[in-house]
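By convention in this document, chain letters (A, B, ...) are assigned in the order of the sequence lines, proteins followed by strands, and residues within each chain are numbered from 1.
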Amino acid sequence: MTTPSPQSAIQPTRDEDYPEWYQQVIKASDMAENSPVRGCMVIKPWGFALWENIVRIVDARLKAIGVRNAYFPIFIPLNFLEKEAQHVEGFAKECAVVTHHRLEKGADGGLVPAGELTEPLIVRPTSETIIGDSFSKWVKSYRDLPILINQWGNVVRWEMRTRIFLRTSEFLWHEGHTVHATAEEAMRLTQSILDIYVDLAENCLAMPVIAGKKSPAERFPGADDTLTIEAMMQDRKALQAGTSHFLGQNFARAQQIKYQDANEQEQFAWTTSWAVSTRLLGGLVMTHGDDDGVILPPRVASSHLVLLPVIRKAADQGPVMEYVDALARSLRAVDYHGQPLRVEVDARDTGGARNWDWIKKGIPLRIEIGPRDLAKDAVFFSRRDRDHRDKTAMRRAEFVAGVTGLLDDIQQTLHSRALAFQQANTRSIDTEEDFYDYFTPKRIERPEIHGGFALAHWCGDARCEEKIKSDLGVTIRCLPFDEDRFAPAPGKCIACGRQSPRRVIFAKSY
RNA sequence: CGGGGCGUGGCGCAGCCUGGUAGCGCACCUGCUUUGGGAGCAGGGAGUCGGAGGUUCAAAUCCUCUCGCCCCGACCA
């Protein structure tokens, strides 16, 4: 007898231990691994390809609205961070500081830092201050505005608690920074960027999000307004997946970003900043993954399909491989949303294990090609969004002609599934008792997956928000924009019972 | 930083309580047999047990310190 196969490729399952499942999925899918440096990660090719696809999509969207790329230093003079009070408070606690510029042989033969810097440099946790410094020099006249800048890069935040992709000490992102002559224009830009993020999440990542505005307590340090997209992970916690900030004139005043208007009056400019990061990859895993591994949405998938030659006899080797290569060529010539299909050929002779590798990696389509398919000029494929035993035979020409439709269908399925999950775990709650019950696990020692999004009334008082946060670890994720789904209506605050103009979304979050 | 759990070949784990220089499954390599599938048999490579110190004739096993990971809390764009 053979050893019985496990129920699922990933253990533990999501139900058994969600955080551990997440770690195992990332390992099994070969997306990334922990690095020797605390809190940092090595993003492996299969994970990085996802990021590259996100980069390509976002970059094109930004350029389409006139944003141009630039690059600013990773090091920021210490005093730059001191300029905006809220900003200092927000980031000072988590900055890596460079104090030396040389290493020398120490007494014990090891290397010790030497050459102390006159002024320490911080490794950017975000670049508002150093980019603002440039902006203050670039902006003279209203004719110079707007300035729309983006940079792709890395940032470092010395986090207390890290989780691969979701919160790492170093992560990759893009950060946009803009300068405008009027508040209205800056606010519009802030919103346009959020629209891009919504489109990215919904249409490319198949990740349903709720767009909205942050409560004052949850805003970016130094911002007048923070817009956000919030996604629901399969443990029903919220993931802030992208933010766009209207910075008002706060940074402009702090950094002297001024221009002369048409009336020869000197004015402070209005700025914005916005970002999405490699955190999205964690979101992807936790939105679509199942107990067999990752499931990649085709629009951003590292590869779209893998061809798995099935060779029984040596005599079949040549013909099968020829057929496979020809099929690979014709598939690579197919255009999928402006990109050639990404096709893998895996000719390893490792039996069924080979198939499971690709299941765990989440490739959307797996195609087996054996002698029988040659005879029938057919393919035999399975979709990652369906059971792994669910296989379909199809004429080769029909498959090649219909493959983009198949991929779009998978994309659609993933989105619908995730949306149904989000909706099933979103509830309107009207009493404090229900609210506390909703967010309190039944098992104390090892809490089960519980809660979700709660649509509840909030009076607007930060003290009510704070009470709920300290009692339950639940925060206001956003004041949602979508008035069709979340129509404002008066009610009573879930915490204090006073009048409330509208419901907001409460949830536990990453 | 506080509370809890854990660190043994690539992955998952046993051994530790009752000290005597390491074992299992998977993966990997070789051969044969298989082949629409998480194959079978045989052989093989790989770890000194997170790190440092201590106790001891002897430590993965006991003690101390330390690093890292996970969970809860604090904190967090």
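With a 3.5 Å ceiling on both atom-pair distances, the Watson-Crick or G-U wobble partner of B:rG43 is B:rC29. Pair assignment for B:rC62 gives B:rG54, based on Watson-Crick or G-U wobble hydrogen-bonding distances that are each under 3.5 Å. The partner of B:rC17, taking Watson-Crick or G-U wobble pairs whose two distances both stay under 3.5 Å, does not exist in any strand shown.
In this view, A:F506 and A:F435 satisfy the ring-ring contact (aromatic ring centres under 6.0 Å, His included) rule, not counting sequence neighbours. For A:H304, the ring-ring contact (aromatic ring centres under 6.0 Å, His included) criterion is met by A:Y336, not counting sequence neighbours. With sequence neighbours excluded, the residues forming a side-chain hydrogen bond (donor to acceptor under 3.5 Å, both in side chains) with A:D357 are A:R348, listed by chain and number. Every residue two or more places apart in sequence or in another chain that forms a ring-ring contact (aromatic ring centres under 6.0 Å, His included) with A:W274 is listed here: A:H174. For A:H450, there are no ring-ring contact (aromatic ring centres under 6.0 Å, His included) partners at least two apart in sequence or on another chain. Applying the side-chain hydrogen bond (donor to acceptor under 3.5 Å, both in side chains) criterion to A:D325, with sequence neighbours excluded, gives no partner residue.
A close approach under 4.0 Å does occur between a side-chain nitrogen or oxygen of A:R161 and OP1 or OP2 of B:rC72. Contact annotation: A:R38 side-chain N/O to B:rG68 OP1/OP2 distance is under 4.0 Å. At least one side-chain nitrogen or oxygen of A:Q23 sits closer than 4.0 Å to the OP1 or OP2 atom of B:rC70. Between A:Q24 and B:rC11, a side-chain N or O to OP1/OP2 separation shorter than 4.0 Å is absent.
Within residues 271-290 of chain A, no residue approaches RNA chain B, by heavy-atom distance under 4.0 Å.
Of the candidate nucleotides B:rG38, B:rU35, B:rG12, B:rG38 has the atom lying nearest to any side-chain atom of A:A9. With B:rC76, B:rC72, B:rU35 as the choices, the nucleotide that has an atom nearest any side-chain atom of A:K237 turns out to be B:rC72. Of the listed nucleotides (B:rG38, B:rC71, B:rC69), B:rG38 has the atom at the smallest distance from the side chain of A:A353. Distances from the side chain of A:K27 to the nucleotides B:rG36, B:rC11, B:rC70 place B:rC11 closest.
Rounded to a whole angstrom, the distance from the C1' atom of B:rC24 to that of B:rA14 is 7 Å. Nucleotides B:rU61 and B:rU21, compared at atom C1', are 12 Å apart to the nearest Å.
Among pairs with a residue in residues 73-85 of chain A, none fulfils salt bridge (Lys or Arg N to Asp or Glu O under 4.0 Å), at least two apart in sequence or across chains.
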### Query
Stepwise, does the side-chain hydrogen bond (donor to acceptor under 3.5 Å, both in side chains) test hold for A:D346 with A:W358?
CA-CA 10 Å; A:D346 184 354; A:W358 292 102; 2.7 Å; yes
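Rounded to whole Å, the distance from CZ on A:R348 to P on B:rG38 is 15 Å.
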Between protein and nucleic acid, restricted to nucleotides 44-50 of chain B and to nitrogen or oxygen atoms under 3.5 Å apart, what atom pairs and distances do you find?
none

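Side-chain N/O atoms of A:D373 and base N/O atoms of B:rG36 include a donor-acceptor pair closer than 3.5 Å.
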